[in-house]
Participant: 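Here you go, one structure.
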Amino acid sequence: MTSQARLKTFLSWDLSKKASVADHSAREIPSSASGALEAFADGNMAEELPLYRSYKRRWYGLCALMLLNLMASWCWLTFAPISNSVAAFYHLSSESPVNWLATVILFGYGLASVPCAFVLNRRGVKTSMLISAILLIVGNWIRVVGAKCNDGKGSFGVLMLGQIIIGFGQPFALNAPSYFSDMWFTSNSRISANALASLSNPLGGAIGQLVSPILVTKPDEFPDMILYIAIIGTVVSLPTLFVPGRPPLPPCPSSATPKFAFNKSVKLLLYNRRFVIVFILFSVLVGFFNSFSSLINQIMEPYGYTSDDAGIDGAVMILAGLVFSAIVSPILDRTHSFLLAIRIQIPVISVCYICLIFTQTKSQQLAGPYIVSGVLGAASFSLLPVALEWVQEQVFPISPELTSSILWVGGNFLGGIFIIIMDALKAPPNEGDPPGNMTRALIFQAVVAAAVIPLPFILGNREQTRNRRVELDAEMGRPRPNNHDERLLEI
């Protein structure tokens with residue numbers, strides 16, 4: 001049997017057996033996909049599929065994508081660990097307006113994610129990255145104007161405008177890793193590739209948590225910090241100009257498989273039970289991670305902790321997550337035990353949110369906050385690429401840019417909502433023990449996080465949750481006579 005026929009047979013049998021990726025009445029491959037597969041089987045294309053090749057240049061593109069995600073997150077969390085200094089510089093009556101500097105990015109992300117999905121689907125990952133780079137550069141320099149105009153007094157409104165533009169640029173980078181890994185990497189390296197690109201975003205947050213308190217020890221130093229970040233952001237965006245658009249040849253059969261049409265994919269996802277469950281899990285847990293990262297200084301400050309303490313706590317959470325993900329991701333690339341990892345990580349994350357209620361104390365001990373934040377970061381960060389790739393395994397051949405965009409929209413939108421709710425639950429400055437504490441906000445966070453613990457256990461059994469791309473690549477890669485022209489090559 002030729003490889004064209006093997007590909008058609010595998011997909012046709014799999015889709016009919018499982019009643020499509022949406023588990024409802026749509027049982028046929030869309031015309032675009034079926035037409036391509038018919039061409040394979042009917043011999044209208046070459047007798048054999050082309051070589052599958054992994055190009056070294058994919059690492060350059062991945063590094064450029066990592067830099068964009070790192071910078072976008074640094075801009076998002078620039079103000080979180082120094083919220084009191086920002087409020088003092090702009091003579092604000094409270095820190096609540098400062099919280100909106102993080103919130104508008106999350107909402108801007110949601111608004112821009114729809115056009116981002118179309119850009120990725122129609123124009124590709126390079127165009128998406130260029131748009132992100134341009135918006136990040138423009139937003140950063142508008143922030144500089146907002147910090148230095150009016151004879152050095154600044155304009156909070158202009159600063160907010162810069163944040164909104166950066167928010168519009170974020171999804172064009174953060175939604176791209178799943179699409180990029182599907183296009184350039186094989187099934188044995190997609191988790192690691194997605195982890196590197198996606199987790200560079202929270203790495204940028206860690207840099208922000210550490211650097212902002214160092215650069216701003218008093219309010220007058222705030223404008224210079226914004227200028228430094230704008231210069232760095234401009235420099236790290238330049239490599240995007242030289243990112244390759246797409247590989248000349250696909251790395252594996254699943255990358256070469258035609259995807260469902262965009263409109264059809266949206267309808268299928270709405271009826272896919274497993275996708276909806278993961279969407280809820282992803283949205284809630286990413287939302288709480290975003291809100292906790294944005295409010296960490298205000299959570300710790302009432303107990304006497306300093307901005308440096310809060311910044312280190314946020315950095316510990318992020319760096320622990322990066323280290324643990326670096327260990328776990330290659331293992332999962334080999335074992336493909338995605339669902340088992342999800343069922344372990346989500347209860348751990350929820351328990352950590354419960355523990356956060358009790359970690360801040362008037363004794364200002366740091367062991368409790370640092371340990372819980374470290375475990376929370378390790379579980380959260382290792383979950384992120386696993387969830388993104390596992391969902392794509394379940395809904396394949398739906399395009400990965402659509403699934404990742406929907407998941408990230410949910411996480412960022414709920415993150416903005418959670419910041420507003422948790423800020424509203426904050427005790428007034430002259431009330432509470434201690435005054436201004438956020439205990440009620442942490443209880444709200446813990447209750448909602450605990451409520452989603454059962455969801456990963458109703459995703460289905462092993463047969464219902466097969467890894468479709470992994471199985472396709474394994475099927476097409478089985479040894480057979482005269483298969484010398486389909487070896488995986490490194491160029």
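These figures come from a predicted structure and were not determined experimentally.
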Participant: With distance as the sole test, does Thr240 use its side chain to make a donor-acceptor pair with the main-chain N or O of Leu130 at under 3.5 Å?
Facilitator: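 Between the backbone of Leu130 and the side chain of Thr240 there is no qualifying donor-acceptor contact (under 3.5 Å).
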
Participant: To check you understand the geometry: which heavy-atom pair defines the closest contact between Ala197 and Leu65, and what is its length?
Facilitator: CB-CD2, 4.0 Å

Participant: Find out whether Ile318 and Phe289 are in side-chain contact, i.e. whether some heavy atom of one side chain is under 4.5 Å from a heavy atom of the other.
Facilitator: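 Ile318 reaches Phe289 side chain to side chain.
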
Participant: Hydrogens and angles aside, do Ser155 and Asn150 bring a side-chain donor and acceptor to less than 3.5 Å of each other?
Facilitator: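 No, no side-chain donor-acceptor pair sits under 3.5 Å.
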
Participant: Could you tell me whether the side chain of Thr78 and the main chain of Cys75 form a donor-acceptor pair under 3.5 Å?
Facilitator: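 Indeed, once roles are kept as given, a pair shorter than 3.5 Å links the two residues.
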
Participant: Between Ser350 (side chain only) and Ala449 (backbone N and O only), is there a donor and an acceptor less than 3.5 Å apart?
Facilitator: yes

Participant: What's the shortest heavy-atom distance between Val98 and Ala87, and which atoms?
Facilitator: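 Smallest interatomic distance, heavy atoms only, reads CG2-N, 4.0 Å.
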
Participant: Are any of the side-chain heavy atoms of Phe292 and Ile299 separated by less than 4.5 Å?
Facilitator: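 Yes, close enough: below the 4.5 Å cut-off.
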
Participant: Give a yes or no answer on whether the side chain of Ser85 reaches the backbone of Pro219 with a donor-acceptor pair at less than 3.5 Å.
Facilitator: no

Participant: Could you state the interatomic distance from CG (Leu101) to CZ (Phe156), rounded to the nearest 0.5 Å?
Facilitator: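 Result: 4.0 Å between the selected atoms.
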
Participant: I'd like to check Val448 versus Gln445 (side-chain heavy atoms, cut-off strictly below 4.5 Å). Are they in contact?
Facilitator: no

Participant: Is there side-chain contact between Pro177 and Asn69, with heavy atoms separated by less than 4.5 Å?
Facilitator: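 Answer yes - side chains close enough.
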
Participant: Taking atom types as modelled, find out whether Gln170 and Asn412 have a side-chain donor-acceptor pair closer than 3.5 angstrom.
Facilitator: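 Looking only at side-chain atoms, Asn412 and Gln170 do not form any donor-acceptor pair under 3.5 Å.
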
Participant: Check the angle between the aromatic planes of Trp100 and Phe107 and answer parallel, tilted or perpendicular using the 30° and 60° thresholds.
Facilitator: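 Ring orientation of Trp100 relative to Phe107: tilted.
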
Participant: Return yes if some donor-acceptor pair links the side-chain N/O of Ser132 with the main-chain N/O of Ser128 below 3.5 Å, else return no.
Facilitator: no

Participant: Give a yes or no on whether Tyr228 atom OH has more than 12 heavy-atom contacts from other residues, nucleotides or ligands under 6.0 Å away.
Facilitator: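 Check fails, neighbour count at 12 or below.
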
Participant: To the nearest 0.5 Å, how far apart are CD1 in Ile421 and CZ in Phe444?
Facilitator: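 CZ of Phe444 is found 4.0 Å from CD1 of Ile421.
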
Participant: Which value, rounded to the nearest 0.5 Å, describes the distance between Trp408 atom CH2 and Asn175 atom CG?
Facilitator: 8.5 Å

Participant: Are Val286 and Leu414 close enough, and set up right, to give a side-chain contact (heavy atoms from CB on, under 4.5 Å), and what steps lead you there?
Facilitator: CA-CA 8 Å; Val286 171; Leu414 276 191; over 6 Å; no

Participant: For residues Gln345 and Val348, determine if any side-chain heavy atom of one lies less than 4.5 Å from a side-chain heavy atom of the other.
Facilitator: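 They are not in contact (no side-chain heavy atoms under 4.5 Å apart), so the answer is no.
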
Participant: Taking Ser200 for the side chain and Leu203 for the main chain, is one N or O donor matched with an acceptor at less than 3.5 Å?
Facilitator: no

Participant: Please give me the minimum heavy-atom distance between Asp313 and Pro369, naming the atom from each residue.
Facilitator: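 Residues Asp313 and Pro369, closest heavy atoms: OD1-O, 3.0 Å.
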
Participant: Supply the atom-to-atom distance Ser192 OG to Phe185 CZ, rounded to the nearest 0.5 angstrom.
Facilitator: 9.0 Å

Participant: Is there a side-chain contact between Leu285 and Ser380, using heavy atoms and a 4.5 Å cut-off?
Facilitator: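 Leu285 does not reach Ser380 side chain to side chain.
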
Participant: Quick one: does Ser325's side chain have a donor or acceptor within less than 3.5 Å of a partner on Phe381's backbone?
Facilitator: yes

Participant: Quick check: closest heavy atoms across Met422 and Leu295, and the distance to 0.1 Å?
Facilitator: CB-CD1, 3.7 Å

Participant: Between the side chain of Asn437 and the main-chain N/O of Pro434, is any donor-acceptor distance below 3.5 Å?
Facilitator: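 Indeed, once roles are kept as given, a pair shorter than 3.5 Å links the two residues.
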
Participant: What's the shortest heavy-atom distance between Ala450 and Pro454, and which atoms?
Facilitator: O-CD, 4.1 Å

Participant: Working to the nearest 0.5 angstrom, can you tell me the gap between Ile349 CD1 and Leu383 CG?
Facilitator: 4.5 Å

Participant: Please step through side-chain contact (heavy atoms from CB on, under 4.5 Å) for the pair Ile229 and Met71, ending with a clear verdict.
Facilitator: CA-CA 9 Å; Ile229 294 175; Met71 201 66 231; 3.5 Å; yes

Participant: Compute whether any side-chain donor of one residue and acceptor of the other, for Ser293 and Asn290, lie under 3.5 angstrom apart.
Facilitator: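 There is no such pair between these side chains.
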
Participant: Could you state the interatomic distance from CE (Met317) to CG (Leu322), rounded to the nearest 0.5 Å?
Facilitator: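 Those atoms lie 11.0 Å apart.
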
Participant: Does a side-chain heavy-atom distance below 4.5 Å link Trp76 with Ser73?
Facilitator: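 Yes, side chains in contact.
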
Participant: Can you find a pair of side-chain heavy atoms, one from Val351 and one from Pro347, that are under 4.5 Å apart?
Facilitator: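 In short, these two side chains do not touch, never coming nearer than 4.5 Å.
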
Participant: Walk me through it: do Leu281 and Ile346 pass the test side-chain contact (heavy atoms from CB on, under 4.5 Å)?
Facilitator: CA-CA 8 Å; Leu281 289 168; Ile346 287 177; 3.5 Å; yes

Participant: Of all the heavy-atom pairs spanning Ala387 and Phe282, show the shortest one and how long it is.
Facilitator: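 Reported closest heavy-atom pair: CB-CD1, 4.1 Å.
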
Participant: Can you list the steps and then say if Val409 with Phe279 is a side-chain contact (heavy atoms from CB on, under 4.5 Å)?
Facilitator: CA-CA 10 Å; Val409 166; Phe279 173 77; 5.9 Å; no

Participant: Sub-3.5 Å donor-acceptor pair from the side chain of Arg440 to the main-chain atoms of Leu425, do we have one?
Facilitator: yes

Participant: Measure the acute angle between the ring planes of Phe89 and Phe222, then classify it against the limits of 30° and 60° as parallel, tilted or perpendicular.
Facilitator: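 Because their plane-to-plane angle lies in the 30° to 60° range, the rings of Phe89 and Phe222 count as tilted.
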
Participant: Are more than 12 heavy atoms, taken from residues, nucleotides or ligands other than Phe242, located less than 6.0 Å from that residue's CZ atom?
Facilitator: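 No, because the 6.0 Å sphere around CZ of Phe242 holds 12 heavy atoms or fewer from other groups.
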
Participant: Would you confirm whether Asp423, through its side chain, and Ile420, through its main-chain N or O, come within 3.5 Å as a donor-acceptor pair?
Facilitator: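 Checking the backbone N and O of Ile420 against the side chain of Asp423, no donor-acceptor pair under 3.5 Å is found.
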
